Amino acid sequence: MERIVVGMSGGVDSSVAALLLKRQGYDVVGVFMKNWDEQDENGACTATQDWGDVQAVCDHIGIPYYAVNFEKEYQERVFSYFLEEYRKGRTPNPDVLCNREIKFKAFLDFALQLGAGKMATGHFVKTGALHGHTTLLKGADPNKDQSYFLYMLKEEQLQKAVFPVGDMTKAQVRALAFEAGLPVSQKKDSTGVCFIGERNFRQFLQGFLPLQAGEMQTEDGRVMGRHIGLSYYTLGQRKGLGIGGGGDGRSWFVVDKDLKRNVLVVAQGEDHPRLYSRYVRASQATWVGEPPGAEGAPFRCAATFRYRQADQPVEAVWRGQDLYLRAEQPQRAVTPGQSVVLYDGDRCLGGGIAEEAGMRPLADLVTK
RNA sequence: UGGGGUAUCGCCAAGCGGUAAGGCACGGGACUUUGACUCCCGCAUUCGUAGGUUCAAAUCCUGCUACCCCAG
């Protein structure tokens with residue numbers, strides 16, 4: 001009987017994943033990862049609660065369970081990067097790294113050590129086969145697809161992974177959990193940075209980053225207020241600026257960060273031109289399988305510039321680790337540090353990390 | 001301390017005798033395995049202040065205070 005180790009978070013998705021594998025006759029082992037040791041704002045350790053849920057679920061399903069601790073790995077491979085990016089005034093997405101480095105590396109290795117042939121998670125994605133290669137596909141539930149977070153995985157990693165709920169909708173998952181009597185069937189979906197959880201982001205960052213207050217200015221230099229530190233804001237952000245009234249009365253948004261002068265540039269109106277860009281340069285390009293096309297050869301595909309965004313038609317070209325994109329439609333608040341993920345239909349090709357974006361063709365951008 | 005003007009929620013701003021619009025900010029919620037965006041709900045028993053007129057005033061009158069402008 002083939003053994004499969006399931007990464008269990010204590011949530012509905014991974015619980016149902018374990019349940020399905022068990023029903024399919026696999027030798028299922030549930031493993032809970034504790035990668036962050038800190039209490040939330042209320043002094044409660046959510047990991048303790050989640051671990052309790054994992055135990056309850058596994059007992060219910062009738063499978064053995066363990067807990068592993070990758071705090072060190074998480075700190076070294078994910079969190080340090082996360083902080084470093086913020087220090088540079090960028091807006092990182094730690095979860096894409098977490099998947100590549102922790103869930104589908106450290107954890108995968110651990111699973112193999114336990115004698116498993118494969119590992120499983122509750123991600124809403126699917127794997128497919130194309131010309132003898134394993135591919136990463138969007139989950140069946142368009143509203144829950146999580147391929148955006150997994151684009152950094154390589155084919156080798158995917159070959160060892162199974163995603164039992166990938167072809168289900170969230171509603172189906174919940175219904176199944178309920179029918180099976182899983183104790184977490186009604187548990188609210190968790191959000192926030194993986195393993196760290198939901199929390200007041202500003203407050204959280206303050207524990208790691210210095211506050212370096214400065215001015216908020218309009219493009220033409222009018223001082224609109226003060227900011228507490230450029231790291232604490234992201235492009236396109238509206239809430240938290242504290243600027244009200246003035247101008248045409250519309251809301252204010254962050255349109256730029258001037259690291260040199262420590263000035264947060266703000267502009268009025270959700271449709272402000274400074275908020276949009278069609279040309280994007282991304283770095284650290286990574287491909288699930290073979291790179292799309294030849295180096296330097298433009299190709300058409302779809303892209304998402306943030307989680308849950310609808311596919312955006314783009315023309316792309318890659319050169320080495322660099323990825324250049326020209327979007328057909330102007331994209332709102334493409335932010336340095338955030339991931340750009342490419343698709344061919346439902347197949348996730350890979351992606352990169354946005355470095356710069358604008359409405360004007362940037363140097364080396366796709367030349368038509 | 002001559003003349004004129006303005007004082008309504010943190011900000012902007014309706015109101016012009018009939019019992020406080022709206023926008024922004026802010027708070028809460030929804031959505032969401034990043035950060036954001038978005039959506040929904042809430043948000044002045046009170047109109048610089050003290051009196052007066054009136055059945056009734058933020059709206060009219062008077063004093064005071066503050067700020068602005070022009071004169072000095």
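Residue numbers start from 1 in every chain, and the chains themselves are labelled A, B, ... in the order their sequence lines are given, proteins ahead of strands. Just so you know, these numbers come straight off a predicted model, no measurement behind them.
- Here A/T335 lies in heavy-atom contact (under 4.0 Å) with a base.
- Pairing partner, B/A66: B/U6, with both Watson-Crick or wobble hydrogen-bond distances short of 3.5 Å.
- B/U45 is unpaired under the Watson-Crick or G-U wobble criterion, no partner having all donor-acceptor distances under 3.5 Å.
- B/G5 sits 16 Å from B/G48 when the C1' atoms are compared, rounded to a whole Å.
- Contact check, A/R306 against B/U34: no side-chain N or O comes under 4.0 Å of OP1 or OP2.
- Atoms CD and CD, from A/E179 and A/Q172 in turn, are 10.5 Å apart once rounded to the nearest 0.5 Å.
- Taking the C1' atoms as reference points, B/U46 lies 12 Å from B/U19, given to the whole Å.
- When heavy atoms are screened at a 4.0 angstrom cut-off, A/K103 is found touching base atoms of the nucleic acid.
- Listed by first and then second residue, the salt bridge (charged side-chain N to carboxylate O under 4.0 Å, His left out) pairs involving residues 63-87 of chain A are A/K34-A/E71, A/K72-A/E76, A/R77-A/E101, A/E84-A/R87, A/E85-A/K88, A/E85-A/R90 (not counting sequence neighbours).
- Looking at A/Q338, its side chain comes within 3.5 Å of the base of B/U34 through a donor and an acceptor atom.
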Check the interface with nucleotides 27-31 of chain B: list each N/O to N/O pair with the protein under 3.5 Å, or write none.
none

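- Taking the six-membered ring where the residue is Trp, A/F79 and A/F208 present perpendicular rings, their angle passing 60° and hence far from 30°.
- Residue contacts for A/F253: at a heavy-atom cut-off of 4.0 Å it reaches the sugar-phosphate backbone alone, with no base atom in range.
- In this structure, A/G249 reaches the sugar-phosphate backbone alone: every heavy-atom distance under 4.0 Å involves primed, P, OP1 or OP2 atoms, never a base.
- Side-chain proximity of A/F149 to B/U34, B/U32, B/C24: nearest is B/U34.
- Summarising the geometry of A/G240 relative to A/Y233, their closest heavy-atom pair is O-CE2, 4.1 Å, with the distance given to 0.1 Å.
- With both pairing distances under 3.5 Å, B/A25 is matched to nothing as a Watson-Crick or G-U wobble pair.
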For residues 19-29 of chain A, tabulate all N or O donor-acceptor pairs below 3.5 Å that involve a side-chain atom, not counting sequence neighbours.
| unit_1 | atom_1 | unit_2 | atom_2 | d |
| --- | --- | --- | --- | --- |
| A/D27 | OD2 | A/R3 | NE | 2.8 |
| A/D27 | OD2 | A/R3 | NH2 | 3.2 |

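- Ring to ring, A/Y151 and A/W287 are not that close: their centroids are 6.0 angstrom or more apart.
- Within residues 85-93 of chain A, the residues that have a heavy atom under 4.0 Å from RNA chain B are, in order of number, A/Y86, A/T91, A/P92, A/N93.
- Base pairing annotation: B/U38 forms a Watson-Crick or G-U wobble pair with B/A30, both donor-acceptor distances under 3.5 Å.
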Output a table of donor-acceptor pairs, distance under 3.5 Å, between side-chain atoms of residues 212-221 of chain A and any protein atom two or more places apart or on a different chain; print 'none' if there are none.
| unit_1 | atom_1 | unit_2 | atom_2 | d |
| --- | --- | --- | --- | --- |
| A/E215 | OE1 | A/Q217 | NE2 | 2.7 |
| A/T218 | OG1 | A/D220 | OD1 | 3.0 |
| A/T218 | OG1 | A/R222 | N | 3.0 |
| A/E219 | OE1 | A/H272 | NE2 | 3.1 |
| A/E219 | OE2 | A/R274 | NH1 | 2.7 |

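- Classification of the A/Y86-A/F201 ring pair by plane angle, with boundaries at 30° and 60°, yields tilted.
- Spacing between B/A58 and B/A44 at atom C1', rounded to whole Å, works out to 12 Å.
- For B/C60, the paired nucleotide is B/G52, the pair qualifying as Watson-Crick or G-U wobble because both relevant distances are below 3.5 Å.
- When heavy atoms are screened at a 4.0 angstrom cut-off, A/N99 is found touching base atoms of the nucleic acid.
- Both tests do not hold together for A/K126 against A/F163: distance to the six-membered ring centre under 6.0 Å, angle to the ring axis within 45°.
- Taking the ring centroids of A/F32 and A/Y65, they lie at or beyond the 6.0 Å cut-off.
- Contacts of residues 205-221 of chain A with RNA chain B (heavy atom under 4.0 Å): none.
- Between A/M359 and A/Q331, every side-chain heavy-atom pair lies at or beyond the 4.5 Å cut-off.
- Because its glycosidic torsion is within 90° of 0, B/C37 is reported here as syn.
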Query - Stepwise salt bridge (Lys or Arg N to Asp or Glu O under 4.0 Å) check, A/D95 with A/R100 - result: CA-CA 9 Å; A/D95 290 350; A/R100 187 183 74 189; over 6 Å; no

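- A straight line from CG of A/L241 to P of B/G23 spans 19 Å, rounded to a whole angstrom.
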